[in-house]
Amino acid sequence: MSAPRLEIRLDRIHHNAKTLVDRLALLGVGVVGVTKAALGLPEIARTLISAGVTGIGDSRIENIETMRRAGLPCDFTLIRSPMISQAERVVAHADVSHNTEIDVVERLSACAQAQGRTHGVLLMVELGDLRDGILPAQLPEFVGQVLRLPNIAFRGIGTNLACQSGVAPDQENMDVLSSLADSLEATLGVDVETVSGGNSANLGWALSTADPGRVNALRLGEAILLGRDPLHRKAIEGLHTNAFTLVAEVIECKRKPTKPWGELGQTAFGPVKARTDRGVISQAILALGRQDIDPDGLEAPDGMEVLGASSDHLVLDAGPSSPAIGSEVMLQLNYSALLRAMTSPFVTRVISEGDGKAEDRGLASGVAT
Ligand SMILES: *Cc1c(COP(=O)(O)O)cnc(C)c1O
């Protein structure tokens with residue numbers, strides 16, 4: 001098989017999605033499966049739909065178009081504010097989009113009229129993370145403007161935390177979102193059908209709260225795909241953390257000193273982390289680089305350690321082993337490494353359903369694996 005390749009286990013993704021869908025259903029919270037880290041791969045989206053998500057969210061209209069072309073039967077939400085330059089495509093292919101600027105919603109309205117469609121709008125509210133969002137004080141007026149636009153359906157409100165500033169979702173900010181929904185209904189007489197509380201970072205709150213309030217949707221990517229809670233990067237109990245494995249090929253393995261020699265400057269990628277001197281080690285090089293992955297987001301197999309990477313070489317301390325030239329090494333990925341591997345044209349994808357046997361490897365039990 002060709003290398004580097006990303007091995008994708010749909011059975012594990014299905015297990016993760018179904019487990020979260022079931023746990024959140026007890027609270028009346030539906031799951032929008034977020035596919036952006038998987039480049040909108042239709043096989044993954046289909047797996048999420050079969051696990052019971054209420055719809056698919058992606059930040060790129062290109063990915064949504066790919067999934068549409070694959071004929072997937074679900075609602076698609078563009079979870080980043082549309083670019084005005086893409087408004088026509090957004091109306092043509094997404095059912096709903098996240099919005100924070102009236103200029104954009106006006107353009108969506110014009111395109112929707114031209115196409116004879118209705119486009120759903122979910123308004124994002126700023127609750128402190130300082131990424132996208134309408135300030136709460138300006139929300140009622142904004143909703144009023146949206147309601148006057150033809151061919152636009154106001155679907156509800158949402159927020160996004162823990163992405164820009166690391167603000168944690170908690171009872172206090174979720175209660176603010178709920179009361180905004182209540183007050184919009186009371187003052188404007190609108191139906192706030194969807195209250196979308198946030199991303200995978202909301203799970204800690206959602207799975208422990210006694211009162212989800214009006215929050216009835218979460219948008220989950222990382223938790224489903226990697227089985228981790230991004231707030232603390234801890235494995236989520238009962239989920240697989242190894243639905244994705246990156247396989248790369250060894251192109252050099254030699255005993256070399258850990259300390260470089262000669263006068264030291266910066267590399268093409270900036271200053272170098274000083275290496276601890278471990279004497280002579282078994283140093284292996286994989287044909288994989290920064291074009292394909294984020295080296296800081298890779299976990300080498302037991303006994304091996306990632307020392308660094310250039311564009312095309314990943315350098316490992318191979319520990320007590322000396323892997324044969326041409327042999328393969330399997331690595332686990334974090335979100336950032338996965339995102340890059342999925343978007344690298346050099347990394348092929350091998351999608352499988354697994355062997356169907358009950359397999360416990362990689363099933364977290366509350367401890368990071
Ligand atoms: C990426 C994204 C998500 C999903 O985030 P995860 O941490 O992967 O669950 C949810 N909402 C928005 C707006 C996003 O951009």
* Counting only heavy atoms not in Gln171, do more than 12 fall under 6.0 Å of its CD? -> yes
* Qualifying salt bridge (Lys or Arg N to Asp or Glu O under 4.0 Å) pairs, either residue in residues 317-329, two or more places apart -> Arg5-Glu328, Arg278-Asp317
* **Main-chain N/O of Ala318 paired to Ser322 side chain as donor or acceptor, under 3.5 Å** => no
* **Backbone N/O of His93 and side chain of Arg68: donor-acceptor pair under 3.5 Å** => yes
Ignoring hydrogens and angles, write down the donor-acceptor pairs under 3.5 Å from the side chains of residues 46-57, residues two or more places apart or on other chains.
residue : atom : partner : partner atom : Å
Thr47   : OG1  : Glu43   : O            : 2.8
Ser50   : OG   : Thr47   : O            : 2.9
Thr54   : OG1  : Val31   : O            : 3.2

* Test item: side-chain donor near acceptor, Asn99 and Ser97, under 3.5 Å -> yes
* Check whether any side-chain N or O of Thr209 sits under 3.5 Å from a backbone N or O of Trp205 as a donor-acceptor pair, and report yes or no. => no
* Structure fact -> By salt bridge (Lys or Arg N to Asp or Glu O under 4.0 Å), Asp191 pairs with (sequence neighbours left out) none
* ILVMFWY cluster, Leu333 and Ile224 together (side-chain gap under 4.5 Å) -> yes
Side-chain polar contacts of residues 122-137 - donor-acceptor pairs under 3.5 angstrom, sequence neighbours left out - could you list them?
residue : atom : partner : partner atom : Å
Glu126  : OE1  : Leu130  : N            : 3.4
Glu126  : OE1  : Arg131  : N            : 3.4
Glu126  : OE2  : Gly128  : N            : 2.9
Glu126  : OE2  : Asp129  : N            : 3.1
Glu126  : OE2  : Leu130  : N            : 2.8
Asp129  : OD1  : Ala162  : N            : 3.4
Asp129  : OD1  : Ser165  : N            : 3.0
Asp129  : OD1  : Gly166  : N            : 3.0
Asp129  : OD1  : Val167  : N            : 3.0
Asp129  : OD2  : Ala162  : N            : 3.4
Asp129  : OD2  : Cys163  : N            : 2.9
Asp129  : OD2  : Gln164  : N            : 2.7
Asp129  : OD2  : Ser165  : N            : 3.4

* Asked: Is there a donor-acceptor pair closer than 3.5 Å between any side-chain N or O of Ser109 and the backbone N or O of Val105?
  -> no
* **Option among Gln115, His119, Gln113 that satisfies the side chain to side chain donor-acceptor pair (under 3.5 Å) test with Arg117** => Gln115
* **Any donor-acceptor N/O pair, Ser336 side chain to Asp294 backbone, under 3.5 Å** => no
* **Side-chain donor or acceptor of His98 paired with backbone N/O of Pro82 under 3.5 Å** => no
Which side-chain N or O atoms in residues 259-268 pair as donor and acceptor under 3.5 Å with protein atoms at least two apart or in another chain?
residue : atom : partner : partner atom : Å
Lys259  : NZ   : Arg275  : O            : 3.3
Thr267  : OG1  : Phe269  : N            : 3.0
Thr267  : OG1  : Gly270  : O            : 3.1

* To do: State whether the side chain of Glu185 and the backbone N or O of Val192 hold a donor-acceptor pair below 3.5 Å, judged by distance alone.
  => yes
* Atom CG of Asn334 and atom CG of Asp296: how far apart are they, to the nearest 0.5 Å? -> 8.5 Å
* Thr194 (side chain) donor-acceptor with Ser196 (main chain) under 3.5 angstrom -> no
* To do: Verify, without hydrogens or angle tests, whether Arg340 (side chain) and Ile293 (backbone) share a donor-acceptor contact under 3.5 angstrom.
  => yes
* Would Ile79 end up clustered with Ile61 when hydrophobic side chains under 4.5 Å apart are linked, directly or stepwise? -> no
* So, Lys36 and Glu222, do they make that salt bridge, N to O below 4.0 Å? -> no
* To do: Could you state whether Ile157 and Val104 fall into the same hydrophobic cluster, counting links through intermediate Ile, Leu, Val, Met, Phe, Trp or Tyr residues with side-chain heavy atoms under 4.5 angstrom apart?
  => yes
* Any chance you could lay out the salt bridge (charged side-chain N to carboxylate O under 4.0 Å, His left out) test for Asp58 and Arg60, step after step, and finish with the verdict? => CA-CA 6 Å; Asp58 202 291; Arg60 308 283 171 143; 6.0 Å; no
* Asked: Any chain of hydrophobic side-chain contacts (each under 4.5 Å) joining Leu6 to Leu39?
  -> yes
* Sequence neighbours left out, what pairs pass salt bridge (Lys or Arg N to Asp or Glu O under 4.0 Å) with at least one residue falling in residues 14-30? => Lys18-Asp22
* Taking C-beta and beyond as the side chain, do Met174 and Asp211 meet within less than 4.5 Å on heavy atoms? -> no
* To do: Kindly work out whether a path of hydrophobic side-chain contacts (I/L/V/M/F/W/Y, heavy atoms less than 4.5 Å apart) joins Leu72 to Val32.
  => no
* **Stepwise side-chain hydrogen bond (donor to acceptor under 3.5 Å, both in side chains) test for Gln291 and Asp312** => CA-CA 7 Å; Gln291 291 202 69; Asp312 310 292; 3.3 Å; yes
* To do: Kindly check if the number of other-residue, nucleotide or ligand heavy atoms within 6.0 Å of CD (Glu141) is above 12?
  => no
* Main-chain N/O of Ile13 paired with Asn16 side-chain donor or acceptor, under 3.5 Å -> no
